[in-house]
Structure formats: C-alpha cells, structure tokens
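The block underneath contains the structure these notes are about, expressed in structure tokens.
Source: prediction; values computed, not measured.
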Amino acid sequence: MQIYTFLIELRNFVKMNQHFHIYSAPLQGYTDHVWRRSHALVFGGIDCYYSPFMRIQHGGIMSRDLRDVLPEHNQGMHFVPQILACAPPDAVTMASRLKALGYTEIDINMGCPFPPIARHAKGSGILCYADKVKALFEALAAIDGVRYSVKMRLGYAGDDEWRQVLPLMSIINPTHITVHPRTGLQQYKGEINMRQFDDLLHASPYPVVYNGELHSLDDVDEVRAAHPTLAGVMIGRALVANPALLEPEKADKAHYQAFHDKLYGQYQRLLASGGPAQLLSKMKAFWEMYLPNADAKSCKLIHKATTIEKYDQAVAQLFSRL
C-alpha cells in the first residue's frame with residue numbers, strides 16, 4: 001500500500017509538470033487514414049492520432065482495418081493503431097501483426113458501447129468481467145517491445161466497475177488511460193459522472209486523459225482548469241465537425257475548402273474501382289458531421305445529390321456562401 005501511495009504522489013507531481021496532450025479520438029467511418037493525414041496537413045494541433053479499432057472477423061483481421069493502419073498511409077504524424085478489447089487470442093493476433101508492421105505503441109479500446117460488440121464482452125462490455133480483463137492484459141503483456149495505452153469508460157453496466165479494472169492495469173503498465181465518464185449502457189446519452197471520474201483520476205498511478213462532451217477550446221480549458229493533474233484530453237466528434245477547433249486562426253473558407261478538396265481527391269483515387277456511387281456515398285457521410293452550421297440549403301442539396309456533378313455544384317455553392 002505504501003508503494004501504491006508513493007506512485008500516486010509521484011504521478012501527481014509529474015502530471016503537474018508535464019506537457020498537456022491533445023489527442024484525436026478515433027471514430028468509426030470518419031477518422032480513417034485519409035482523414036487523419038488530411039487533418040494533420042491542413043490544420044494540425046494534434047499530438048497523436050488514433051485509428052478506429054482493429055477487429056477480427058471470420059478468424060482474421062478485417063482487410064480494411066489492416067489497410068488503414070499500414071505505415072505508408074500514416075506518415076507525417078504521430079499515429080497509434082487501436083485494437084478492440086476482446087478474447088486474448090484475437091487480441092494477440094492483432095497486436096502481433098501490428099508489431100510486425102513496426103508499431104511499438106498500441107491502444108486498447110475498452111470503451112466502445114455499440115451493443116453488438118459490447119454484449120459479447122468486447123469493447124466496454126469487457127469492463128464488468130475482471131477475469132477477462134486480467135487474461136487480456138496478461139496475453140498482451142507477453143508480447144515484447146510493445147507499449148499499451150487504454151481507452152475506456154467508467155464501466156459497462158455500473159459506473160464504478162473501473163475500480164476492479166484499475167488495479168489490473170499494472171500488468172501492462174499503460175502509458176496513459178483515456179476515460180469517457182459514462183457507462184457502456186449509456187452509450188453517448190445521459191449525464192457524465194464527474195464524481196466517479198474524479199475518483200478514478202485521484203486513484204490512478206498512470207496518466208489520465210479526459211474524453212467526452214468537449215465541443216470547444218473553452219470546454220478544454222474548463223476541464224483542464226478543474227483537473228490540473230490531467231495528462232490531456234481526447235476530442236472526437238467536435239473535431240470532425242470543425243477540424244479547425246484547435247487552430248482558430250485557420251477557421252476560414254480557404255482552409256475548410258482545402259481540407260474537403262484533399263479528402264475528396266484521395267477518396268476519388270481510393271474508391272475509383274467502386275464507381276461514382278461509392279464516392280458519392282462516402283462524401284455524403286462525411287458531410288453528416290462536417291461544418292454543421294454551414295448553409296442549410298447547400299447542405300440539403302449535397303445530401304440530395306444523385307450524381308457527382310450535382311454534388312460538385314452543391315459543394316461549390318456551400319463554400320461560396322461560407
């Protein structure tokens with residue numbers, strides 16, 4: 001107990017004197033390698049980008065997940081691939097493949113609340129099974145030369161399940177723990193529980209990163225001021241909606257259009273074999289979150305576009321009115 005108390009006191013001293021990090025949260029369907037590299041080139045301001053979690057399907061790593069983390073697709077930025085918390089053999093398969101690709105840092109997703117995943121004790125669903133967490137960590141810790149971080153929630157069914165998980169973190173000695181202060185069952189609804197988050201922050205001997213309900217720089221400053229020992233924050237949906245969130249001086253039409261055009265051009269090349277319909281579907285999905293306060297009429301035209309030509313016209317109209 002004395003050693004654990006010393007670690008906490010040392011952690012607090014280090015945190016008070018360390019760099020505050022800002023991370024880009026992984027969002028399935030949005031923050032793929034095209035988005036990450038485009039954001040890093042046009043806007044920046046991010047200390048580290050994370051991939052949407054890698055999965056095992058039908059006994060093997062999903063091909064699109066593997067393509068997304070290839071080193072050649074993630075150059076020019078600090079990038080860390082993420083794997084889904086799952087059965088140890090599957091996790092080891094993914095981590096070993098990533099190590100073979102040259103990665104020495106891997107993030108473990110213990111926060112995904114999507115019911116088809118969580119109800120199988122994956123993602124946030126693993127948090128209520130201490131024995132499964134222990135087995136997962138032991139299996140991953142046996143892989144030499146790899147460091148881990150963890151993205152998690154307070155729990156899956158209960159908001160205090162983190163208390164049985166935190167002591168197990170010593171098995172992998174994480175570089176940091178990113179915490180979304182809701183349960184898996186809450187998904188993204190309901191109140192965040194800052195009381196439990198504060199308890200976790202105080203109890204953790206590892207650096208803690210905050211994630212959740214950060215919509216502006218003011219929100220980041222508020223969380224940082226209220227929790228001076230935080231190691232950083234992770235921002236997801238708000239950054240996809242406004243990629244200039246962390247660089248206000250770049251919040252202008254020129255940068256927003258350059259970002260769109262860079263994405264658009266890369267997706268044109270990557271999706272060429274799928275024809276115009278696939279490209280149109282991808283870009284419409286992008287606009288479901290991008291610049292939500294842009295001209296409503298133009299946004300409607302984008303989503304109603306049935307051809308690339310109509311899409312191009314609608315986008316040009318939107319940027320002319322931005």
Side-chain angles (χ1 to χ4, degrees), residues 24-37 49-74 79-129 131-143 146 148-153 156 172 178 180 184-185 187-188 236-237 240 266-267 270-275 277-279 281-282 284-286 288-289:
S24 171
L27 295 179
Q28 291 288 341
Y30 291 96
T31 59
D32 60 14
H33 68 89
V34 174
W35 186 93
R36 295 190 298 267
R37 292 190 69 183
Y49 294 85
Y50 293 83
S51 68
F53 57 74
M54 178 180 281
R55 295 153 289 184
I56 295 288
Q57 191 174 73
H58 305 305
I61 299 172
M62 291 187 67
S63 57
R64 67 179 181 184
D65 293 349
L66 188 58
R67 284 195 303 270
D68 188 52
V69 303
L70 291 176
E72 59 264 32
H73 292 162
N74 294 280
F79 166 70
V80 172
Q82 185 184 82
I83 63 173
L84 182 68
C86 55
D90 289 347
V92 168
T93 294
M94 293 184 285
S96 298
R97 186 61 180 276
L98 289 170
K99 179 183 177 182
L101 289 173
Y103 290 107
T104 59
E105 298 177 79
I106 297 174
D107 191 62
I108 306 169
N109 185 306
M110 297 170 63
C112 177
F114 190 45
I117 287 175
R119 66 170 174 247
H120 293 293
K122 299 177 182 179
S124 67
I126 201 173
L127 293 171
C128 53
Y129 301 103
D131 58 333
K132 293 181 184 296
V133 174
K134 183 173 184 290
L136 173 65
F137 285 170
E138 288 177 341
L140 290 174
I143 301 174
V146 177
Y148 299 99
S149 55
V150 175
K151 187 175 189 295
M152 62 180 287
R153 289 179 173 241
Y156 176 64
I172 58 171
T178 300
H180 182 106
L185 287 179
Q187 297 191 47
Y188 297 97
R237 294 175 182 274
V240 174
Q266 291 183 73
Y267 284 134
L270 290 173
L271 304 177
S273 62
Q278 190 173 359
L279 174 61
S281 177
K282 183 67 177 179
K284 283 184 177 182
F286 166 69
E288 288 176 1
M289 292 185 65

Before giving the answer on side chain to side chain contact (heavy atoms under 4.5 Å, CB included), spell out for Ile172 and Val150 the whole-Å C-alpha distance, their side-chain angles and the decisive distance to 0.1 Å.
CA-CA 10 Å; Ile172 58 171; Val150 175; 3.8 Å; yes
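The local environment of NZ in Lys99 is crowded, with over 12 non-hydrogen atoms from other residues, nucleotides or ligands closer than 6.0 Å.
The distance from atom OH of Tyr188 to atom CZ of Arg237, rounded to the nearest 0.5 Å, is 6.0 Å. To the nearest 0.5 angstrom, Arg64 atom CZ is 8.0 Å from Gln57 atom CD. For the atom pair CG (Leu101) and CG (Leu66), the distance works out to 6.0 Å, reported to the nearest 0.5 Å. Remark: Thr104 OG1 to Leu98 CG distance equals 11.0 Å, nearest 0.5 Å. Atom-to-atom distance recorded for Gln278:CD and Leu270:CG is 10.0 Å, nearest 0.5 angstrom. Interatomic distance, CD of Glu105 versus CD of Gln82, reported as 13.0 Å (0.5 Å rounding).
Of all the heavy atoms in Ser51 and Pro81, the pair that sits closest is OG-CA, 3.4 Å. Pro115 and Gln187 make their closest contact through CG-NE2, 3.7 Å (heavy atoms, listed as atom of the first residue, atom of the second, distance). Among all heavy-atom pairs drawn from Pro52 and Leu27, the shortest one is CG-O, 3.7 Å. Here the shortest heavy-atom pairing between Ala95 and Tyr148 reads CB-OH, 4.2 Å. Considering all non-hydrogen atoms of both residues, Leu271 and Leu279 come closest at CD1-CA, 4.0 Å.
Using a 4.5 Å cut-off on side-chain heavy atoms (C-beta onward), Phe79 and Val69 make contact. Side-chain contact between Tyr267 and Val34: present, with at least one pair of heavy atoms (C-beta onward) separated by less than 4.5 Å. Ser149 is not listed as a side-chain neighbour of Thr178, based on a closest heavy-atom distance of 4.5 Å or more. Counting heavy atoms from C-beta on, the side chains of Tyr49 and Trp35 come closer than 4.5 Å. In this structure, the side chains of Ile61 and Met94 come closer than 4.5 Å at one or more pairs of heavy atoms. By the 4.5 Å heavy-atom criterion applied to side chains, Pro71 and Tyr103 are counted as neighbours.
Looking at Thr93, its side chain does come within 3.5 Å of a backbone N or O of Pro89 through a donor-acceptor pair. Without hydrogens or angle criteria, Asn109 side chain to Gly123 main chain gives no donor-acceptor distance under 3.5 Å. Within the 3.5 Å criterion, the main-chain N or O of Gly111 finds a donor-acceptor partner in the side chain of Arg153. For Ser124 (side chain) and Tyr156 (main-chain N/O), no donor-acceptor pair under 3.5 Å exists by modelled atom type. Judged by distance alone, the side chain of Arg37 and the main-chain N or O of Asn74 form no donor-acceptor pair under 3.5 Å. Here the side chain of Tyr30 pairs no donor or acceptor atom with the backbone of Met289 at under 3.5 angstrom.
The residues Lys284 and Glu288 are annotated as not salt-bridged, no charged nitrogen and carboxylate oxygen being separated by less than 4.0 angstrom. Salt bridge status for Lys282 with Asp32: present, with a side-chain N to carboxylate O gap under 4.0 Å. A salt bridge links Arg55 with Asp65; the closest basic N to acidic carboxylate O contact falls under 4.0 Å.
Among residues two or more places apart in sequence or in another chain, the side chain to side chain contact (heavy atoms under 4.5 Å, CB included) test is passed with Phe114 by Cys112, Pro116, Ile117. In this view, Glu72 and Leu70, Gln75 satisfy the side chain to side chain contact (heavy atoms under 4.5 Å, CB included) rule, not counting sequence neighbours. Here Ala91 pairs with Ile83, Cys86, Leu136, Leu140 under the side chain to side chain contact (heavy atoms under 4.5 Å, CB included) rule; sequence neighbours left out.
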